[in-house]
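Below: the structure, in structure tokens.
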Amino acid sequence: MKVTIKEIAHRAGYSASTVSRLLNDDATLSITSTTRQKILAVAQELGYWKDKPHPKITAQIALLTLINPADHLEDNYFQTLDQAVHEAFSGTGLELTAFHQVDDLLKVAKDYQGFVAIGTDGLNGIDLEILHRAFARGIFIDSNPAPQYFDSIQPNLHLTVRNAYYELKKAGKVPIAFIGGDGPLVNGQRQPDPRAATFAQLAPDSRWQLATGPFNVQNGYQLGKQLLKRFGKQRPQGLIVASDTLSVGVLQAFNEAGVLVPRDLALISINDSDVAKYVSAPLTTYRIDQLAMCDLAVQLIKAALTGQAHRPHIHALVDTELIIRKSFAP
């Protein structure tokens with residue numbers, strides 16, 4: 001039995017004119033995200049698109065970027081992630097508008113059907129609760145500050161560190177140490193970094209882990225010097241570094257001390273940034289597929305706009321890929 005506009009309008013509680021304009025992709029229609037969500041969900045539930053092409057989804061999506069530039073001045077991870085978001089959303093009918101303050105977004109929340117967020121700097125529990133009330137759907141990429149409120153898509157860093165650890169162990173590069181930085185800042189509190197937390201499970205002796213400070217070259221240099229000073233000639237044979245930017249500084253410290261990678265110590269890094277192939281030694285590193293994470297964000301936003309209004313939240317992990325160069329060959 002054919003589902004009619006009138007039936008959808010009656011079930012959703014809106015006029016047939018509003019429903020018709022939405023389902024026929026009227027660009028001049030101005031309705032709230034809640035109204036759009038409810039109409040599309042009812043249409044989906046009743047099987048409106050069962051015998052016809054699914055509608056082209058058009059929506060205004062906010063891109064909320066909460067990154068402290070001082071912490072990531074030399075780390076281009078979030079810059080390339082921002083580029084990947086724009087690339088993934090380009091041509092999808094989902095138009096992005098950038099925001100850098102939660103308050104600025106909340107002032108115009110009714111104009112947007114959802115949001116995608118990168119970073120958590122400055123967020124607190126009240127911000128997250130208000131965002132939840134203002135938006136039916138939101139997705140955090142690369143972090144997960146409020147799993148009870150929003151979807152999330154992250155690189156599978158737990159598996160990445162486990163794989164790196166066992167690759168080094170299998171190659172006889174033991175003992176193994178870890179160098180990393182501070183975890184994300186949420187509600188004024190530093191959250192555990194998943195890379196450091198996973199390594200701590202694998203190697204409970206805290207002597208083998210140095211994980212503090214920003215993800216920049218200078219901090220990597222200082223941590224590299226600390227590692228050599230702590231262990232002297234009894235230094236580790238394998239080293240996992242949480243980011244390529246940190247690895248650049250670590251290599252500088254090692255080169256100054258006459259410790260050569262991979263001759264004296266094998267090193268595995270994470271991210272596969274542009275710099276990874278140009279340092280000495282070129283970094284064996286795990287590539288984080290940022291575009292795959294952002295493509296998944298597009299799929300989740302589209303599903304949220306046309307699917308059930310109250311589905312369970314989704315938390316996706318995207319695996320990384322080991323790129324082999326000179327710093328360690330399995």
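When reading the values below, keep in mind they use all heavy atoms of this one structure, side chains included, and skip hydrogens, waters and symmetry mates.
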Minimal non-hydrogen separation, V279 against L283, with atom names: CG2-CG, 3.7 Å

Are D142 and Q154 side-chain neighbours, meaning at least one heavy-atom pair lies under 4.5 Å? no

Under the salt bridge (charged side-chain N to carboxylate O under 4.0 Å, His left out) definition, can you give me all pairs with a residue in residues 254-267, not counting sequence neighbours? none

Sequence neighbours excluded and cut-off under 3.5 Å, please list the side-chain donor-acceptor pairs for residues 160-170, or say none.
unit_1 : atom_1 : unit_2 : atom_2 : d
T160   : OG1    : N156   : O      : 2.9
T160   : OG1    : T320   : OG1    : 2.6

State, yes or no, whether a side-chain contact exists between L66 and T120 at a heavy-atom distance under 4.5 Å. no

Go through it in stages, so that I can follow the logic: the residues are T92 and K302, the test is side chain to side chain contact (heavy atoms under 4.5 Å, CB included), and I'd like the CA-CA distance, side-chain angles, deciding distance and then a yes or no. CA-CA 9 Å; T92 63; K302 284 190 170 184; 4.2 Å; yes

Roughly how far, to the nearest 0.5 Å, is OH of Y221 from CG of N216? 13.5 Å

A242 and R195 have their tightest heavy-atom pair at O-NH1, 2.9 Å

Could you tell me how the ring of H132 sits relative to the ring of F150: parallel (under 30°), tilted (30 to 60°) or perpendicular (over 60°)? perpendicular

D274: what forms a salt bridge (charged side-chain N to carboxylate O under 4.0 Å, His left out) with it, not counting sequence neighbours? none

After noting the C-alpha distance and the side-chain angles of L223 and L227, does the key distance pass the side chain to side chain contact (heavy atoms under 4.5 Å, CB included) rule? CA-CA 6 Å; L223 293 175; L227 182 76; over 6 Å; no

Quick check: do L96 and Y112 have side-chain heavy atoms less than 4.5 Å from each other? no

Treat each ILVMFWY residue as a node, draw an edge where side-chain heavy atoms are under 4.5 Å apart, and state whether L228 and L260 are in one component. no

Honestly curious: do V217 and L251 fall in one hydrophobic cluster under the side-chain, below-4.5 Å linking rule? yes

A quick test of your reading: do over 12 heavy atoms of other residues, nucleotides or ligands sit less than 6.0 Å from CD of Q148? yes

Nearest heavy-atom neighbours spanning G181 and L246: N-CD1, 4.1 Å

Go through the side-chain N and O atoms of H100 and T65 and say whether any donor and acceptor fall under 3.5 Å apart. no

Between OG1 of T35 and CD of Q113, what distance do you get to the nearest 0.5 Å? 10.0 Å

Would you please classify the geometry between the F199 ring and the F178 ring as parallel, tilted or perpendicular, with 30° and 60° separating the classes? parallel

Any idea which heavy atoms bring L157 and P194 closest together, and the distance? CD1-CG, 3.9 Å

Would you say Q101 and L105 make side-chain contact, with heavy atoms under 4.5 Å? no

Roughly how far, to the nearest 0.5 Å, is the CD atom of Q237 from the CD1 atom of I176? 10.5 Å

Starting from the C-alpha separation in whole Å, work towards a yes-or-no answer on side chain to side chain contact (heavy atoms under 4.5 Å, CB included) for M293 and I153. CA-CA 6 Å; M293 292 195 297; I153 303 168; 3.7 Å; yes

Please tabulate, for side-chain N and O atoms in residues 78-91, each donor-acceptor pair with protein atoms closer than 3.5 Å (sequence neighbours left out).
unit_1 : atom_1 : unit_2 : atom_2 : d
T80    : OG1    : N76    : O      : 3.1
T80    : OG1    : Y77    : O      : 2.9
T80    : OG1    : Q290   : OE1    : 2.9
T80    : OG1    : Q290   : NE2    : 3.3
H86    : ND1    : D82    : O      : 3.0

Can you tell me how far apart OG (S243) and CZ (F215) are? Round to the nearest 0.5 Å. 5.5 Å

Walk me through whether L239 and V250 qualify under side chain to side chain contact (heavy atoms under 4.5 Å, CB included). CA-CA 10 Å; L239 177 63; V250 170; 4.0 Å; yes

Measure the spacing between CG of L202 and NE2 of H158 and express it to the nearest 0.5 Å. 11.0 Å

Please check if any side-chain donor atom of T285 sits under 3.5 Å from a side-chain acceptor atom of D272, or the reverse. no

K277 atom NZ, over 12 foreign heavy atoms within 6.0 Å: yes

Would you mind reporting whether T212 and D182 have side-chain heavy atoms less than 4.5 Å apart? yes

Applying the 4.5 Å side-chain criterion to the ILVMFWY set and letting contacts propagate, would Y286 and L291 be lumped into a single cluster? no

Minimum heavy-atom separation for S327 and T284, please, with both atom names. OG-N, 2.7 Å

Can you tell me if S15 and T18 form a side-chain donor-acceptor pair at under 3.5 Å? yes

So do the side chains of H315 and P147 get within less than 4.5 Å of each other, counting heavy atoms only? yes

Residues in salt bridge (charged side-chain N to carboxylate O under 4.0 Å, His left out) with D151, at least two apart? R311

Summary of salt bridge (charged side-chain N to carboxylate O under 4.0 Å, His left out) pairs that have at least one residue in residues 211-239, sequence neighbours excluded: none

Treat each ILVMFWY residue as a node, draw an edge where side-chain heavy atoms are under 4.5 Å apart, and state whether L159 and L296 are in one component. no

Hydrophobic cluster identity match, Y14 and V3, side-chain contacts under 4.5 Å: yes

Which atoms form the tightest heavy-atom contact between D244 and S269, and what is the distance? OD1-OG, 2.6 Å

Can you confirm whether I179 sits close enough to I240 that some side-chain heavy atom of one is under 4.5 Å from a side-chain heavy atom of the other? no

So, do L300 and R137 sit near enough that their side-chain heavy atoms are less than 4.5 Å apart? no

